[in-house]
*Asks:* 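I have a structure I would like to understand better, so I am pasting it below and will then ask my questions one at a time.
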Amino acid sequence: MFAGSFQAAGDSWLLYTDVMWAKISTDADFGPFGGTADFEQTQIVATALVGYELPVNVANMQLYATGGLRYQHNKVELGIDPVFFPAINRSGSQSWADPIVGLTMHYDVNSKWFVDVMADVGGFGVASDITLQGTATVGYNWTDTLASSLGYKALYTDYEDGRFQYDATQHGVFTRLAVKF
C-alpha cells in the first residue's frame, strides 16, 4: 500500500488532496486432487478538498469547513484452475466519484505538539449511497519546516451499481512526514 497527501493553507483557505493505492492478493491450493485459485484486488482512492476557515474563537485552533470529491477505482481478478474441470478467469473494474463535505481541525497544543482531525461524509446517492472518512493524528514539530505525526484513519464506502456491490471499511494506523515551506 502507498499513500500520500498534500496540503496548502493560508488567507483563510485550505487546499488538500490525498491518494491511496492498495493491492491485496492471495492464492490457494485445493485439497487432495489439486487445483489452484488466485485472487487480486487493486484499489485507488483519491480525495480533493477545498476548505474555508470558520471564525472560531479558540486560541491555537483552525477549523475549516470543507467540500470536494472522492474518486474510487477497484479492479478485481479471479482465477480458478481445478484439476478435472476447465479453468475460469474473471476480471472486472468499477470507478466512481462522490461529492463530500466535512470539517478539518488543526490545534497547536504548544510550539512543538499538535493535533489534526479530519472528518467527511459524502455520496448522498450521487454515486455511493454513503462514504465516510475520518482521521486523527498527534504530531511533533521537529523544526520550523519539518514535522511528523502518528495517526489513525478509517474509510467506509457503501456503493452499488447493478451487479457490482462494494460495502467495505478500511482502517489502520499511519505515519506522516510534513515539510513546510
Side-chain angles (χ1 to χ4, degrees), residues 1-25 41-74 95-159 166-181:
M1 182 169 123
F2 170 80
S5 64
F6 173 81
Q7 179 175 309
D11 296 331
S12 299
W13 289 95
L14 170 82
L15 296 174
Y16 175 85
T17 184
D18 72 17
V19 175
M20 178 187 74
W21 175 87
K23 180 178 179 179
I24 58 173
S25 63
Q41 179 179 353
T42 306
Q43 179 184 40
I44 298 170
V45 179
T47 302
L49 298 171
V50 174
Y52 189 76
E53 189 171 1
L54 300 174
V56 294
N57 199 12
V58 178
N60 303 324
M61 185 174 94
Q62 296 85 43
L63 181 66
Y64 296 88
T66 60
L69 292 172
R70 176 168 300 118
Y71 168 81
Q72 297 191 52
H73 173 79
N74 284 279
S95 300
W96 64 92
D98 289 306
I100 53 176
V101 294
L103 293 171
T104 297
M105 189 261 323
H106 175 85
Y107 179 72
D108 290 312
V109 177
N110 55 40
S111 64
K112 292 293 185 181
W113 292 96
F114 62 90
V115 175
D116 288 329
V117 177
M118 294 181 78
D120 63 55
V121 61
F124 312 113
V126 173
S128 297
D129 289 335
I130 191 166
T131 181
L132 305 164
Q133 180 172 250
T135 62
T137 65
V138 174
Y140 187 79
N141 292 308
W142 298 97
T143 67
D144 289 341
T145 58
L146 189 64
S148 62
S149 56
L150 177 67
Y152 193 83
K153 180 176 186 169
L155 170 64
Y156 170 74
T157 303
D158 182 5
Y159 173 82
Y166 182 79
D167 187 355
T169 302
Q170 297 169 279
H171 57 93
V173 176
F174 70 94
T175 61
R176 180 169 53 197
L177 178 65
V179 178
K180 304 172 189 178
F181 50 93

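The figures here come from the full heavy-atom set of this structure, side chains too, leaving out hydrogens, waters and symmetry mates. The shown structure was predicted, so the numbers you read here are calculated from the model rather than taken from an experiment.
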*Asks:* Tell me, do V101 and F124 make a side-chain contact under 4.5 Å, heavy atoms counted?
*Replies:*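 With C-beta onward as the side chain, the pair touches.
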
*Asks:* Let me confirm one number: the CG-CG distance from L103 to D120, rounded to the nearest 0.5 Å.
*Replies:*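 Answer rounded to 0.5 Å: 9.5 Å.
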
*Asks:* Show the nearest heavy-atom pair for residues A97 and A127, with the distance to one decimal.
*Replies:*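 For A97 versus A127, the nearest heavy atoms are O-CB, 3.3 Å.
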
*Asks:* If you apply the rule side-chain contact (heavy atoms from CB on, under 4.5 Å), what do you find for M1 with M20, and how did you get there?
*Replies:* CA-CA 7 Å; M1 182 169 123; M20 178 187 74; 4.0 Å; yes

*Asks:* Please state whether the rings of Y166 and W96 are parallel, tilted or perpendicular, taking 30° and 60° as the class boundaries.
*Replies:*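 Ring orientation, 0 to 90° scale: tilted.
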
*Asks:* Taking the side chain as everything from C-beta on, heavy atoms only, tell me whether V138 gets closer than 4.5 Å to L150.
*Replies:*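 No, too far: nothing below the 4.5 Å cut-off.
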
*Asks:* Report all side-chain donor-acceptor pairs from residues 48-61 shorter than 3.5 Å, counting only partners two or more places apart or in another chain.
*Replies:*
none

*Asks:* Can you find a pair of side-chain heavy atoms, one from V179 and one from L146, that are under 4.5 Å apart?
*Replies:*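 They are in side-chain contact.
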
*Asks:* Sort and list the pairs that fulfil salt bridge (charged side-chain N to carboxylate O under 4.0 Å, His left out) and have at least one residue in residues 3-14, not counting sequence neighbours.
*Replies:*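 Non-adjacent pairs meeting salt bridge (charged side-chain N to carboxylate O under 4.0 Å, His left out): zero.
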
*Asks:* Rounded to the nearest 0.5 Å, how far apart are CD of Q133 and OH of Y156?
*Replies:*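 The OH atom of Y156 is 14.5 Å from CD of Q133, to the nearest 0.5 Å.
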
*Asks:* Is the shortest side-chain heavy-atom distance between Q72 and T131 below 4.5 Å?
*Replies:*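 In short, these two side chains touch, coming nearer than 4.5 Å.
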
*Asks:* What distance separates Q7 CD from L14 CG, expressed to the nearest 0.5 Å?
*Replies:*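 If I round to the nearest 0.5 Å, the distance is 5.0 Å.
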
*Asks:* Measure across F114 and A147 and return the closest heavy-atom pair with its distance rounded to 0.1 Å.
*Replies:*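 Heavy atoms of F114 and A147 come nearest at CE2-CB, 4.0 Å.
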
*Asks:* Identify the two heavy atoms, one from S5 and one from D18, that lie closest to each other, and give their separation to 0.1 Å.
*Replies:*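 Reported closest heavy-atom pair: CB-CB, 3.6 Å.
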
*Asks:* Quick one: side chain to side chain donor-acceptor pair (under 3.5 Å) pairs with a partner in residues 171-181, sequence neighbours left out?
*Replies:*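 Side chain to side chain donor-acceptor pair (under 3.5 Å) check on residues 171-181 returns D116-R176, T137-R176, N141-K180, S149-R176, Y152-H171.
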
*Asks:* Hydrogens and angles aside, do D98 and Y71 bring a side-chain donor and acceptor to less than 3.5 Å of each other?
*Replies:*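 The criterion, which ignores hydrogens and geometry beyond distance, is not satisfied for Y71 and D98.
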
*Asks:* Could you give the distance from CD1 (I44) to NZ (K23), rounded to the nearest 0.5 Å?
*Replies:*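 Answer for the CD1-NZ pair, I44 versus K23, is 12.0 Å.
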
*Asks:* More than 12 heavy atoms of other residues, nucleotides or ligands under 6.0 Å from CG of N110: yes or no?
*Replies:*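 More than 12 within 6.0 Å, yes.
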
*Asks:* Do any N or O atoms from the side chain of T135 and from the backbone of V117 form a donor-acceptor pair under 3.5 angstrom?
*Replies:*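 Absent.
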
*Asks:* Once you round to the nearest 0.5 Å, how far does OG1 of T169 lie from CG of L155?
*Replies:*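 The OG1 atom of T169 sits 8.0 Å away from the CG atom of L155.
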
*Asks:* Nearest 0.5 angstrom please: I100 CD1 to L69 CG, how far?
*Replies:*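 Between atom CD1 of I100 and atom CG of L69 there are 7.0 Å.
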
*Asks:* A side-chain contact here means heavy atoms from C-beta on lying under 4.5 Å apart; do Q170 and K153 qualify?
*Replies:*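 Side-chain contact under 4.5 Å: no.
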
